[in-house]
Chemist: 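This is the structure, below, for whatever I ask next.
First the proteins, then the strands, lettered A, B, ... as listed; each starts at 1. As a basis for the values below, the full set of heavy atoms in this structure was taken, side chains included, without hydrogen atoms, waters or symmetry mates.
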2 protein chains.
Amino acid sequence: MATDDLMTRALESLGLDGPPSVEAIHGLTDLADVPESMTITEVAGLLDISPHTLRYYERAGLVEVARDSNGHRVYDAEAVRRLVFLTRMRLSGMPVRTLQHYIALADAGEHTVPERLDMLLEHRDTICRRIRELTLSLAATEYKIATYGGSTGPDVRAPAAATETGRTA
Amino acid sequence: MATDDLMTRALESLGLDGPPSVEAIHGLTDLADVPESMTITEVAGLLDISPHTLRYYERAGLVEVARDSNGHRVYDAEAVRRLVFLTRMRLSGMPVRTLQHYIALADAGEHTVPERLDMLLEHRDTICRRIRELTLSLAATEYKIATYGGSTGPDVRAPAAATETGRTA
DNA sequence: GCTTGCGTTCGAGCGTGCTCGAAGTCATAG
DNA sequence: CTATGACTTCGAGCACGCTCGAACGCAAGC
(Lines give C-alpha, C1' and ligand atoms only; values in the text may rest on other atoms or scores of the structure.)
Protein backbone atom coordinates (compact mmCIF):
# COMPACT_ATOMS: atom_id res chain seq x y z
CA MET A 1 0.00 0.00 0.00
CA ALA A 2 1.29 3.40 -0.97
CA THR A 3 1.99 5.52 2.05
CA ASP A 4 1.58 8.69 0.00
CA ASP A 5 -2.00 7.69 -0.58
CA LEU A 6 -2.38 7.16 3.10
CA MET A 7 -1.19 10.64 3.92
CA THR A 8 -3.18 12.12 1.09
CA ARG A 9 -6.33 10.47 2.28
CA ALA A 10 -5.60 11.62 5.78
CA LEU A 11 -5.31 15.20 4.60
CA GLU A 12 -8.36 14.93 2.40
CA SER A 13 -10.47 13.67 5.26
CA LEU A 14 -9.86 17.00 6.92
CA GLY A 15 -12.01 18.65 4.33
CA LEU A 16 -9.27 21.06 3.32
CA ASP A 17 -9.58 20.40 -0.40
CA GLY A 18 -11.68 23.33 -1.50
CA PRO A 19 -10.96 26.97 -0.81
CA PRO A 20 -12.24 27.54 2.72
CA SER A 21 -12.60 31.26 2.25
CA VAL A 22 -16.11 31.54 3.64
CA GLU A 23 -15.27 29.62 6.81
CA ALA A 24 -12.02 31.47 7.14
CA ILE A 25 -13.37 34.96 6.72
CA HIS A 26 -16.12 34.11 9.13
CA GLY A 27 -13.69 32.86 11.70
CA LEU A 28 -11.80 36.08 11.26
CA THR A 29 -14.63 38.53 11.23
CA ASP A 30 -17.44 37.12 13.32
CA LEU A 31 -16.56 39.81 15.76
CA ALA A 32 -17.97 42.40 13.42
CA ASP A 33 -21.42 41.97 14.91
CA VAL A 34 -20.37 42.88 18.42
CA PRO A 35 -23.07 44.92 20.15
CA GLU A 36 -22.36 48.09 22.09
CA SER A 37 -22.41 46.24 25.39
CA MET A 38 -23.15 42.73 26.57
CA THR A 39 -23.86 40.87 29.79
CA ILE A 40 -21.63 38.12 31.05
CA THR A 41 -23.98 35.37 29.89
CA GLU A 42 -24.23 36.90 26.45
CA VAL A 43 -20.48 37.02 26.10
CA ALA A 44 -20.20 33.50 27.47
CA GLY A 45 -22.68 32.34 24.85
CA LEU A 46 -20.88 34.19 22.10
CA LEU A 47 -17.51 32.73 22.99
CA ASP A 48 -18.84 29.36 24.06
CA ILE A 49 -17.19 29.50 27.45
CA SER A 50 -18.70 29.72 30.92
CA PRO A 51 -19.33 32.88 32.94
CA HIS A 52 -17.02 31.30 35.50
CA THR A 53 -14.23 31.32 32.97
CA LEU A 54 -14.92 34.91 32.03
CA ARG A 55 -14.65 35.97 35.65
CA TYR A 56 -11.49 33.93 35.92
CA TYR A 57 -9.97 35.74 32.93
CA GLU A 58 -10.84 39.03 34.50
CA ARG A 59 -9.29 38.01 37.81
CA ALA A 60 -6.23 36.95 35.85
CA GLY A 61 -5.92 40.48 34.55
CA LEU A 62 -6.67 39.62 30.95
CA VAL A 63 -9.57 42.07 30.62
CA GLU A 64 -11.00 44.93 32.52
CA VAL A 65 -14.76 45.02 32.62
CA ALA A 66 -16.95 47.89 33.79
CA ARG A 67 -19.92 47.44 36.12
CA ASP A 68 -23.42 48.84 35.84
CA SER A 69 -25.33 50.42 38.72
CA ASN A 70 -26.10 46.95 40.09
CA GLY A 71 -22.47 45.91 40.10
CA HIS A 72 -23.08 43.62 37.15
CA ARG A 73 -20.42 43.31 34.47
CA VAL A 74 -20.90 45.28 31.30
CA TYR A 75 -18.72 44.10 28.43
CA ASP A 76 -18.14 46.82 25.87
CA ALA A 77 -17.10 46.10 22.29
CA GLU A 78 -13.46 46.59 23.12
CA ALA A 79 -13.57 44.03 25.91
CA VAL A 80 -15.45 41.58 23.74
CA ARG A 81 -12.96 41.96 20.92
CA ARG A 82 -10.15 41.33 23.33
CA LEU A 83 -11.92 38.27 24.66
CA VAL A 84 -12.43 36.96 21.15
CA PHE A 85 -8.71 37.25 20.67
CA LEU A 86 -7.98 35.66 24.02
CA THR A 87 -10.23 32.68 23.49
CA ARG A 88 -8.80 32.16 20.04
CA MET A 89 -5.34 32.09 21.50
CA ARG A 90 -6.40 29.82 24.32
CA LEU A 91 -8.05 27.48 21.85
CA SER A 92 -4.87 27.29 19.87
CA GLY A 93 -2.94 26.41 22.98
CA MET A 94 -1.37 29.62 24.18
CA PRO A 95 -1.01 29.41 27.98
CA VAL A 96 -2.79 31.92 30.18
CA ARG A 97 0.61 32.99 31.51
CA THR A 98 1.72 33.98 28.05
CA LEU A 99 -1.51 35.84 27.42
CA GLN A 100 -1.02 37.74 30.65
CA HIS A 101 2.37 38.80 29.39
CA TYR A 102 0.95 39.76 26.01
CA ILE A 103 -1.85 41.79 27.55
CA ALA A 104 0.55 43.50 29.90
CA LEU A 105 2.59 44.51 26.88
CA ALA A 106 -0.48 45.67 24.99
CA ASP A 107 -1.52 47.79 27.93
CA ALA A 108 1.99 49.16 28.27
CA GLY A 109 1.71 51.00 25.01
CA GLU A 110 2.85 51.30 21.47
CA HIS A 111 6.53 50.68 22.07
CA THR A 112 5.87 47.02 22.90
CA VAL A 113 4.59 46.26 19.41
CA PRO A 114 7.77 44.50 18.29
CA GLU A 115 7.78 42.16 21.25
CA ARG A 116 4.10 41.39 20.81
CA LEU A 117 4.74 40.67 17.17
CA ASP A 118 7.52 38.30 18.18
CA MET A 119 5.13 36.50 20.48
CA LEU A 120 2.64 36.09 17.68
CA LEU A 121 5.31 34.79 15.34
CA GLU A 122 6.45 32.30 17.91
CA HIS A 123 2.89 31.23 18.54
CA ARG A 124 2.38 30.78 14.82
CA ASP A 125 5.34 28.42 14.76
CA THR A 126 3.95 26.55 17.73
CA ILE A 127 0.63 26.07 15.97
CA CYS A 128 2.42 24.87 12.84
CA ARG A 129 4.42 22.36 14.82
CA ARG A 130 1.31 21.14 16.55
CA ILE A 131 -0.55 20.74 13.27
CA ARG A 132 2.34 18.76 11.87
CA GLU A 133 2.39 16.53 14.94
CA LEU A 134 -1.33 15.98 14.70
CA THR A 135 -1.17 15.29 10.99
CA LEU A 136 1.41 12.62 11.61
CA SER A 137 -0.62 11.16 14.46
CA LEU A 138 -3.62 11.20 12.20
CA ALA A 139 -1.77 9.26 9.53
CA ALA A 140 -0.64 6.76 12.15
CA THR A 141 -4.17 6.39 13.46
CA GLU A 142 -5.58 5.98 9.94
CA TYR A 143 -2.95 3.35 9.34
CA LYS A 144 -3.81 1.48 12.50
CA ILE A 145 -7.48 1.64 11.67
CA ALA A 146 -6.86 0.38 8.16
CA THR A 147 -4.70 -2.54 9.22
CA TYR A 148 -6.46 -3.19 12.48
CA GLY A 149 -5.43 -6.45 14.00
CA GLY A 150 -5.90 -5.71 17.66
CA SER A 151 -2.25 -5.71 18.65
CA THR A 152 -1.02 -2.57 20.29
CA GLY A 153 1.72 -2.01 17.78
CA PRO A 154 1.00 -1.37 14.11
CA ASP A 155 3.18 -4.37 13.22
CA VAL A 156 4.46 -2.74 10.10
CA ARG A 157 6.86 -5.50 9.22
CA ALA A 158 5.28 -8.95 9.47
CA PRO A 159 3.14 -9.09 6.32
CA ALA A 160 2.03 -12.67 6.84
CA ALA A 161 2.93 -13.42 10.44
CA ALA A 162 0.08 -12.11 12.57
CA THR A 163 1.47 -13.07 15.93
CA GLU A 164 -1.29 -12.07 18.25
CA THR A 165 -4.58 -11.57 16.50
CA GLY A 166 -5.13 -11.88 12.82
CA ARG A 167 -7.80 -9.68 11.27
CA THR A 168 -7.22 -7.11 8.64
CA ALA A 169 -10.57 -5.45 7.94
CA MET B 1 -6.85 41.25 0.38
CA ALA B 2 -7.93 37.81 -0.69
CA THR B 3 -8.69 35.59 2.25
CA ASP B 4 -8.16 32.50 0.12
CA ASP B 5 -4.58 33.55 -0.29
CA LEU B 6 -4.34 33.95 3.42
CA MET B 7 -5.52 30.45 4.12
CA THR B 8 -3.45 29.05 1.31
CA ARG B 9 -0.33 30.67 2.66
CA ALA B 10 -1.19 29.41 6.08
CA LEU B 11 -1.41 25.89 4.80
CA GLU B 12 1.71 26.23 2.73
CA SER B 13 3.69 27.43 5.70
CA LEU B 14 3.06 24.05 7.24
CA GLY B 15 5.32 22.49 4.71
CA LEU B 16 2.66 20.11 3.52
CA ASP B 17 3.15 20.86 -0.15
CA GLY B 18 5.27 17.95 -1.21
CA PRO B 19 4.45 14.31 -0.66
CA PRO B 20 5.58 13.66 2.92
CA SER B 21 5.95 9.94 2.36
CA VAL B 22 9.40 9.60 3.86
CA GLU B 23 8.50 11.44 7.03
CA ALA B 24 5.23 9.60 7.23
CA ILE B 25 6.56 6.11 6.75
CA HIS B 26 9.23 6.91 9.27
CA GLY B 27 6.70 8.07 11.78
CA LEU B 28 4.85 4.86 11.19
CA THR B 29 7.71 2.44 11.19
CA ASP B 30 10.42 3.79 13.44
CA LEU B 31 9.44 1.04 15.76
CA ALA B 32 10.93 -1.49 13.40
CA ASP B 33 14.34 -1.10 15.02
CA VAL B 34 13.16 -2.10 18.48
CA PRO B 35 15.79 -4.18 20.26
CA GLU B 36 15.03 -7.40 22.07
CA SER B 37 14.98 -5.62 25.42
CA MET B 38 15.67 -2.14 26.73
CA THR B 39 16.28 -0.33 29.99
CA ILE B 40 14.00 2.39 31.24
CA THR B 41 16.39 5.16 30.23
CA GLU B 42 16.76 3.70 26.76
CA VAL B 43 13.02 3.60 26.28
CA ALA B 44 12.70 7.08 27.72
CA GLY B 45 15.29 8.29 25.21
CA LEU B 46 13.56 6.51 22.36
CA LEU B 47 10.16 7.95 23.17
CA ASP B 48 11.45 11.31 24.35
CA ILE B 49 9.68 11.08 27.67
CA SER B 50 11.08 10.81 31.19
CA PRO B 51 11.63 7.60 33.14
CA HIS B 52 9.25 9.10 35.68
CA THR B 53 6.54 9.17 33.07
CA LEU B 54 7.27 5.58 32.07
CA ARG B 55 6.85 4.43 35.66
CA TYR B 56 3.70 6.48 35.86
CA TYR B 57 2.28 4.76 32.80
CA GLU B 58 3.10 1.41 34.31
CA ARG B 59 1.43 2.36 37.59
CA ALA B 60 -1.56 3.49 35.56
CA GLY B 61 -1.81 -0.02 34.17
CA LEU B 62 -0.95 0.92 30.62
CA VAL B 63 1.97 -1.53 30.32
CA GLU B 64 3.33 -4.45 32.21
CA VAL B 65 7.09 -4.52 32.43
CA ALA B 66 9.22 -7.41 33.63
CA ARG B 67 12.12 -7.05 36.05
CA ASP B 68 15.62 -8.45 35.85
CA SER B 69 17.46 -10.09 38.73
CA ASN B 70 18.17 -6.67 40.23
CA GLY B 71 14.55 -5.63 40.14
CA HIS B 72 15.25 -3.25 37.27
CA ARG B 73 12.69 -2.86 34.53
CA VAL B 74 13.25 -4.77 31.32
CA TYR B 75 11.18 -3.53 28.41
CA ASP B 76 10.69 -6.20 25.75
CA ALA B 77 9.78 -5.41 22.17
CA GLU B 78 6.09 -5.92 22.88
CA ALA B 79 6.11 -3.40 25.73
CA VAL B 80 8.08 -0.91 23.68
CA ARG B 81 5.68 -1.22 20.76
CA ARG B 82 2.78 -0.66 23.09
CA LEU B 83 4.51 2.39 24.54
CA VAL B 84 5.15 3.76 21.08
CA PHE B 85 1.45 3.48 20.46
CA LEU B 86 0.60 4.99 23.82
CA THR B 87 2.88 7.99 23.43
CA ARG B 88 1.57 8.60 19.94
CA MET B 89 -1.94 8.61 21.29
CA ARG B 90 -0.99 10.84 24.20
CA LEU B 91 0.76 13.23 21.83
CA SER B 92 -2.36 13.48 19.74
CA GLY B 93 -4.40 14.28 22.80
CA MET B 94 -6.00 11.03 23.88
CA PRO B 95 -6.49 11.17 27.66
CA VAL B 96 -4.81 8.61 29.88
CA ARG B 97 -8.25 7.52 31.04
CA THR B 98 -9.23 6.61 27.53
CA LEU B 99 -5.99 4.76 26.98
CA GLN B 100 -6.60 2.80 30.16
CA HIS B 101 -9.93 1.77 28.75
CA TYR B 102 -8.40 0.87 25.41
CA ILE B 103 -5.65 -1.19 27.01
CA ALA B 104 -8.13 -2.95 29.23
CA LEU B 105 -10.07 -3.90 26.12
CA ALA B 106 -6.94 -5.02 24.31
CA ASP B 107 -6.00 -7.21 27.25
CA ALA B 108 -9.52 -8.58 27.44
CA GLY B 109 -9.14 -10.36 24.15
CA GLU B 110 -10.16 -10.57 20.56
CA HIS B 111 -13.85 -9.95 21.07
CA THR B 112 -13.22 -6.32 21.99
CA VAL B 113 -11.80 -5.50 18.55
CA PRO B 114 -14.95 -3.70 17.34
CA GLU B 115 -15.06 -1.44 20.35
CA ARG B 116 -11.37 -0.67 20.06
CA LEU B 117 -11.87 0.14 16.42
CA ASP B 118 -14.68 2.49 17.38
CA MET B 119 -12.38 4.24 19.80
CA LEU B 120 -9.78 4.72 17.10
CA LEU B 121 -12.36 6.06 14.68
CA GLU B 122 -13.60 8.49 17.26
CA HIS B 123 -10.08 9.55 18.06
CA ARG B 124 -9.42 10.10 14.37
CA ASP B 125 -12.38 12.44 14.24
CA THR B 126 -11.10 14.25 17.31
CA ILE B 127 -7.72 14.76 15.68
CA CYS B 128 -9.38 16.04 12.52
CA ARG B 129 -11.47 18.49 14.49
CA ARG B 130 -8.42 19.68 16.36
CA ILE B 131 -6.44 20.15 13.16
CA ARG B 132 -9.28 22.18 11.69
CA GLU B 133 -9.44 24.32 14.81
CA LEU B 134 -5.71 24.89 14.73
CA THR B 135 -5.73 25.66 11.03
CA LEU B 136 -8.34 28.32 11.61
CA SER B 137 -6.41 29.71 14.55
CA LEU B 138 -3.33 29.72 12.40
CA ALA B 139 -5.08 31.72 9.72
CA ALA B 140 -6.32 34.16 12.36
CA THR B 141 -2.83 34.49 13.79
CA GLU B 142 -1.31 35.00 10.37
CA TYR B 143 -3.91 37.63 9.72
CA LYS B 144 -3.19 39.42 12.94
CA ILE B 145 0.53 39.30 12.24
CA ALA B 146 0.02 40.64 8.74
CA THR B 147 -2.19 43.52 9.81
CA TYR B 148 -0.56 44.15 13.13
CA GLY B 149 -1.67 47.38 14.69
CA GLY B 150 -1.30 46.62 18.35
CA SER B 151 -4.97 46.52 19.26
CA THR B 152 -6.23 43.32 20.78
CA GLY B 153 -8.87 42.79 18.15
CA PRO B 154 -8.04 42.31 14.48
CA ASP B 155 -10.21 45.33 13.69
CA VAL B 156 -11.40 43.87 10.47
CA ARG B 157 -13.82 46.62 9.70
CA ALA B 158 -12.54 50.12 10.48
CA PRO B 159 -10.18 50.80 7.58
CA ALA B 160 -9.42 54.36 8.64
CA ALA B 161 -10.69 54.62 12.21
CA ALA B 162 -7.99 53.24 14.47
CA THR B 163 -9.57 53.84 17.85
CA GLU B 164 -6.85 52.70 20.18
CA THR B 165 -3.47 52.60 18.52
CA GLY B 166 -3.02 53.36 14.87
CA ARG B 167 -0.28 51.49 13.11
CA THR B 168 -0.73 49.06 10.30
CA ALA B 169 2.67 47.63 9.57
C1' DG C 1 -43.71 40.97 51.34
C1' DC C 2 -41.57 37.24 49.31
C1' DT C 3 -39.90 34.36 45.82
C1' DT C 4 -37.31 33.74 41.59
C1' DG C 5 -33.56 34.70 38.84
C1' DC C 6 -29.48 36.60 37.55
C1' DG C 7 -25.80 38.55 38.97
C1' DT C 8 -21.80 39.56 42.57
C1' DT C 9 -17.17 38.22 45.55
C1' DC C 10 -14.07 35.23 47.63
C1' DG C 11 -11.65 31.36 48.41
C1' DA C 12 -11.39 26.64 47.95
C1' DG C 13 -11.46 22.40 45.25
C1' DC C 14 -10.69 19.44 41.34
C1' DG C 15 -9.12 16.69 37.23
C1' DT C 16 -5.21 15.86 34.44
C1' DG C 17 -0.66 14.54 33.82
C1' DC C 18 3.09 14.44 35.24
C1' DT C 19 7.23 15.42 38.55
C1' DC C 20 9.75 14.98 42.51
C1' DG C 21 11.94 13.53 47.00
C1' DA C 22 13.18 10.20 50.29
C1' DA C 23 14.96 6.01 51.40
C1' DG C 24 16.63 1.89 49.92
C1' DT C 25 19.19 -1.87 46.72
C1' DC C 26 22.66 -3.40 43.83
C1' DA C 27 27.10 -3.43 40.75
C1' DT C 28 31.01 -1.67 39.17
C1' DA C 29 35.36 1.58 39.78
C1' DG C 30 38.96 3.18 42.43
C1' DC D 1 36.07 -0.90 51.68
C1' DT D 2 33.61 2.55 50.01
C1' DA D 3 31.98 5.65 46.89
C1' DT D 4 29.28 6.54 42.63
C1' DG D 5 25.59 5.96 39.92
C1' DA D 6 21.66 3.79 38.04
C1' DC D 7 17.92 1.81 39.39
C1' DT D 8 13.76 0.59 42.75
C1' DT D 9 9.09 1.88 45.56
C1' DC D 10 5.99 4.89 47.62
C1' DG D 11 3.52 8.77 48.43
C1' DA D 12 3.31 13.51 48.05
C1' DG D 13 3.42 17.76 45.42
C1' DC D 14 2.78 20.76 41.56
C1' DA D 15 1.24 23.53 37.38
C1' DC D 16 -2.49 24.43 34.73
C1' DG D 17 -7.07 25.88 33.81
C1' DC D 18 -10.81 25.97 35.15
C1' DT D 19 -15.06 24.93 38.28
C1' DC D 20 -17.71 25.29 42.14
C1' DG D 21 -20.03 26.56 46.62
C1' DA D 22 -21.40 29.81 49.99
C1' DA D 23 -23.21 33.97 51.12
C1' DC D 24 -24.90 37.89 49.46
C1' DG D 25 -27.44 41.96 46.38
C1' DC D 26 -30.83 43.75 43.56
C1' DA D 27 -35.05 43.95 40.65
C1' DA D 28 -39.14 42.30 38.66
C1' DG D 29 -43.49 39.50 39.25
C1' DC D 30 -47.18 37.46 41.96
Side-chain angles (χ1 to χ4, degrees), chain A residues 35 37-76 79-80 82-83 85-103 123 126 130 133 137, chain B residues 35 37-76 79-80 82-83 85-104 123 126 130 133-134 137:
Chain A
S37 75
M38 302 177 74
T39 69
I40 193 169
T41 32
E42 286 166 354
V43 176
L46 177 70
L47 301 179
D48 199 32
I49 60 181
S50 77
H52 284 304
T53 303
L54 281 171
R55 295 192 197 101
Y56 164 70
Y57 286 172
E58 188 178 345
R59 265 192 290 181
L62 296 179
V63 264
E64 286 184 17
V65 185
R67 305 296 139 104
D68 65 9
S69 57
N70 293 327
H72 291 194
R73 285 170 177 80
V74 179
Y75 291 84
D76 60 11
V80 173
R82 176 171 283 199
L83 282 165
F85 168 72
L86 290 169
T87 48
R88 245 211 267 294
M89 289 319 216
R90 285 291 307 119
L91 205 64
S92 55
M94 183 177 281
V96 169
R97 284 303 249 280
T98 309
L99 285 170
Q100 286 173 327
H101 184 198
Y102 185 95
I103 290 300
H123 185 57
T126 303
R130 188 75 190 119
E133 278 177 11
S137 292
Chain B
S37 74
M38 302 177 75
T39 70
I40 193 168
T41 33
E42 286 166 354
V43 177
L46 177 69
L47 301 179
D48 199 32
I49 59 179
S50 77
H52 283 304
T53 303
L54 281 171
R55 295 191 196 101
Y56 164 71
Y57 285 171
E58 187 179 346
R59 265 191 290 181
L62 295 179
V63 262
E64 286 184 17
V65 185
R67 304 297 139 106
D68 66 10
S69 57
N70 292 328
H72 291 193
R73 285 171 177 78
V74 179
Y75 291 84
D76 62 9
V80 173
R82 176 172 282 200
L83 282 166
F85 168 73
L86 289 170
T87 47
R88 246 210 266 294
M89 289 318 214
R90 285 293 306 121
L91 205 64
S92 54
M94 184 178 281
V96 169
R97 284 304 251 282
T98 309
L99 284 169
Q100 286 172 326
H101 184 200
Y102 185 94
I103 289 301
H123 184 57
T126 303
R130 188 74 189 118
E133 278 176 10
L134 284 178
S137 291

Chemist: Taking CD1 from Ile49(A) and P from dG17(D), how many angstroms apart are they, rounded to a whole number?
Modeler: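 Spelled out: CD1 on Ile49(A) to P on dG17(D) is 14 Å.
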Chemist: Closest-nucleotide mapping onto DNA chain C: is Met94(B) or His52(B) further toward the 5' terminus? I mean the 5' end.
Modeler: Met94(B)
Chemist: More than 12 heavy atoms of other residues, nucleotides or ligands under 6.0 Å from CD of Glu64(B): is that the case?
Modeler: no
Chemist: What's the CD-C1' distance between Gln100(A) and dC18(D), to the nearest Å?
Modeler: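 Value for this atom pair: 13 Å.
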Chemist: What is the distance, rounded to the nearest whole Å, between atom CE of Met89(A) and atom C1' of dC16(D)?
Modeler: 19 Å
Chemist: Would you check if Val65(B) and Leu54(B) make a side-chain contact, meaning some heavy-atom pair closer than 4.5 Å?
Modeler: no
Chemist: Less than 4.5 Å apart, any side-chain heavy atom of Met89(B) and any of Thr98(B)?
Modeler: no
Chemist: Where does the chain B footprint on DNA chain C start and end, counting 5' to 3' with a 4.0 Å heavy-atom cut-off?
Modeler: dT16(C) to dA27(C)
Chemist: Any non-hydrogen side-chain atom of Arg90(B) less than 4.5 Å from a side-chain atom of Leu99(B)?
Modeler: yes
Chemist: Hey, where does DNA chain D pair up into stems, meaning at least three consecutive Watson-Crick or G-U pairs with distances under 3.5 Å?
Modeler: C:1-30 with D:1-30
Chemist: With a 4.5 Å limit on heavy-atom distance, are the side chains of His72(B) and Ile40(B) in contact?
Modeler: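 Counting from C-beta outward, His72(B) and Ile40(B) never come under 4.5 Å.
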Chemist: In sequence, state the C-alpha distance, the side-chain angles, and the governing distance for Ile103(A) and Leu86(A), and then conclude on side chain to side chain contact (heavy atoms under 4.5 Å, CB included).
Modeler: CA-CA 9 Å; Ile103(A) 290 300; Leu86(A) 290 169; 4.1 Å; yes
Chemist: Output the residues of residues 57-75 of chain A in contact with DNA chain C, where contact means a heavy atom of the residue under 4.0 Å from an atom of the strand; sort by number or write none.
Modeler: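 Nucleic-acid contacts, sorted: Arg59(A), Arg67(A), Gly71(A), His72(A), Arg73(A).
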Chemist: Under the salt bridge (charged side-chain N to carboxylate O under 4.0 Å, His left out) rule, collect the residues that match up with Arg97(B), sequence neighbours excluded.
Modeler: none
Chemist: What residues form a side-chain hydrogen bond (donor to acceptor under 3.5 Å, both in side chains) with Thr41(A), not counting sequence neighbours?
Modeler: Thr39(A)
Chemist: What's the CG-P distance between Leu54(A) and dT19(D), to the nearest Å?
Modeler: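 Leu54(A) atom CG is separated from dT19(D) atom P by 12 Å.
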Chemist: Please work out if Pro51(B) contacts a base, only the sugar-phosphate, or nothing of the nucleic acid, heavy-atom cut-off 4.0 Å.
Modeler: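 Here Pro51(B) touches no strand at all.
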Chemist: Could you tell me whether Arg97(A) contacts a base, only the sugar-phosphate backbone, or nothing, with contacts defined as non-hydrogen atoms closer than 4.0 Å?
Modeler: sugar-phosphate
Chemist: So, is Thr41(B) close to the dA6(D) phosphate, meaning a side-chain N or O under 4.0 Å from OP1 or OP2?
Modeler: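 Thr41(B) to dA6(D) OP1/OP2: no side-chain N or O under 4.0 Å.
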Chemist: How would you list, by chain and number, every residue that makes a salt bridge (charged side-chain N to carboxylate O under 4.0 Å, His left out) with Arg130(B), sequence neighbours excluded?
Modeler: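 In terms of salt bridge (charged side-chain N to carboxylate O under 4.0 Å, His left out), with neighbours along the sequence ignored, Arg130(B) is linked to Glu133(B).
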Chemist: Between CZ of Arg73(A) and CD of Glu58(A), what distance do you get to the nearest 0.5 Å?
Modeler: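 With rounding to 0.5 Å, CZ (Arg73(A)) is 4.5 Å from CD (Glu58(A)).
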Chemist: Taking the side chain as every heavy atom from C-beta outward, state whether Asp76(A) and Met38(A) have any pair of such atoms under 4.5 Å apart.
Modeler: no
